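Please read the structure below before turning to the comments.
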Amino acid sequence: MIKVLFFAKLSEQLGCRELQVDATAVENTDQLFQYLIEHKAEWSTILTSQLCLKAVNQAMVNDNVLLKDGDEVAYFPPVTGG
Amino acid sequence: MIKVLFFAKLSEQLGCRELQVDATAVENTDQLFQYLIEHKAEWSTILTSQLCLKAVNQAMVNDNVLLKDGDEVAYFPPVTGG
Amino acid sequence: MISVQEQDFNQQEEYDRLKCKTSVGAIVTFTGLVRDINNGQSVSDLSLEHYPGMTEKCLIDIVEQAKQRWNIIESTVIHRVGHLAISDQIVFVGIASQHRGDAFAACEFIMDYLKTQAPFWKKETMSNGETQWVDAREVDQDALSKWAVK
Amino acid sequence: MISVQEQDFNQQEEYDRLKCKTSVGAIVTFTGLVRDINNGQSVSDLSLEHYPGMTEKCLIDIVEQAKQRWNIIESTVIHRVGHLAISDQIVFVGIASQHRGDAFAACEFIMDYLKTQAPFWKKETMSNGETQWVDAREVDQDALSKWAVK
């Protein structure tokens, strides 16, 4: 399984903090994103209408990244700490 | 009178912290410096062998500045506080 | 020392920890506080969400980058999470070095990177009771440009 | 607040003074300490001479310049004079601003100008008992160039 996390505004909008996705269903982060867009009716608009950053195994990545069973992928808005 | 002050290493080398110079004897800081160079035998070497900064009435100046009775002129090495 | 914590921190304690070696000639500290006004709106309090695990990794990585660029004797990064009120301390970055140039640069570098890289998110409660997630500021992204390798 | 004084100062007190307004979002402090080694030589203590009257004027002027360039809510400059031992605090500069960029820049600007303009002179006693006046460092003069108006 791939553990998918959402944070902050994005998690509120989706009404979801965490999701498990079958690792055999998605090969990489592009496919995972496509999977999420199709996951629920309103998710497509929410996920594509704003800048979502992503982290794979707790490190931010920009490009498409290969995924394997046990990986953790997080989506979140631009950070505002400090 | 013009009050002349020396600080730090310069004051130690000259063996002098303060001096009063007749305001009628010097018109400007160039003339004052010439007066000091001739004031004692060893002062010429001490005053011309190193970088001496000067302040007139407690503000640093580079150029030649007109002097009047009651002015305070200080000579000192480059500063090393902080 | 790196810490992500709910509890407050103490300026003097953190300063004393940085000051512990006799080779230290310069200490720079930065503290971020909850302001009463943000983007012209009156704020009454703040809550800070984060990504546990990644925040710590991210802060360790930023400090490591700073250590590769400047001479640092001691460093401290503390970031609070959870509920915060006006004037509460949010973040502390402290750097002890031999010389001031290193301490200033490393401290500001860490703050600039933390602001754009570390997974923290602020949600404000306004004085009228409404809540809103704070938007990222372009000026924070721009601040990174001064650290580009020339 | 500007002070030239023999007595020590307290980090927490100075920090609390800077933190007094709810508009403050960023506090940067710099503290300079007596290092045990200077230019490779082992130092046992230090004495600081200054030009009374001119030092205060000079510090006021430097802070005034900083206030014209950056948004500063509160500022503090303290410089000690007299006899100091290893790890003793020499100088404190603290800036409180709305945003961190102003606080960092103003604090470093004040230190850079203080280092080259304010009439203080350090005399070190080495661990072998010899005393020597500290030489001005070219790197301090060079540090000013970053504040040139572009």
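So that the names make sense, note that chain A is the first sequence line, chain B the second, and so on, each numbered from 1. Note that the structure is predicted; figures quoted are calculated from it, not measured.
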Contacting moiety of [X], where chain C heavy atoms sit under 4.5 Å:
{"X": "D/Asn38", "result": "neither"}
{"X": "D/Ile27", "result": "both"}
{"X": "D/Val34", "result": "backbone"}
{"X": "D/Gln98", "result": "both"}

*List the atom of C/Asp45, the atom of C/Val43, and the distance in Å for their closest heavy-atom pair.*
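For C/Asp45 and C/Val43, the tightest heavy-atom pair comes out as O-CG1, 3.6 Å.
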*asked:* Looking only at heavy atoms and a cut-off of under 4.5 Å, which of C/Ile90, C/Leu18, C/Val93, C/Asp140 has the most pairs with chain D?
replied: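 Ranked by contacts with chain D, first place is C/Asp140.
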*Mind ranking C/Ala103, C/Ala26, C/Gly25 by heavy-atom pairs under 4.5 Å with chain D and telling me who comes out on top?*
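Of the options given, most contacts go to C/Gly25.
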Using a strict cut-off of less than 4.0 Å between a Lys/Arg side-chain nitrogen and an Asp/Glu carboxylate oxygen, indicate whether [X] and [Y] qualify as a salt bridge.
{"X": "C/Arg69", "Y": "C/Asp102", "value": "no"}
{"X": "D/Lys19", "Y": "D/Glu74", "value": "no"}
{"X": "C/Arg100", "Y": "D/Asp112", "value": "yes"}

*Between C/Trp147 and C/Trp70, what is the ring plane arrangement, given parallel below 30°, perpendicular above 60°, and tilted in between?*
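Ring orientation of C/Trp147 relative to C/Trp70: perpendicular.
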_Between D/Ala143, D/Gly101, D/Gly94, D/Ser87, who has the most heavy-atom pairs with chain C when the cutoff is under 4.5 Å?_
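If we count pairs closer than 4.5 Å to chain C, D/Ser87 comes out on top.
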*Name the option with the most non-hydrogen atom pairs under 4.5 Å to chain C; the candidates are D/Lys115, D/Lys21, D/Glu13.*
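Of the candidates given, the most pairs with chain C belong to D/Lys115.
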*Would you check if C/Ser44 and C/Ile86 make a side-chain contact, meaning some heavy-atom pair closer than 4.5 Å?*
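Answer no - side chains too far apart.
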*With the side chain counted from C-beta on, respond yes when D/Gln117 and D/Leu144 share a heavy-atom pair under 4.5 Å apart, and no when they do not.*
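The answer is yes; the side chains approach within 4.5 Å.
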*Checking C/Tyr15 against chain D: side chain, backbone, both or neither under 4.5 Å from a heavy atom?*
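Contact with chain D involves the side chain of C/Tyr15 alone.
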*Given a strict heavy-atom distance threshold of 4.5 Å, which part of C/Ala96 is in contact with chain D: side chain, backbone, both, or neither?*
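No part of it gets close to chain D.
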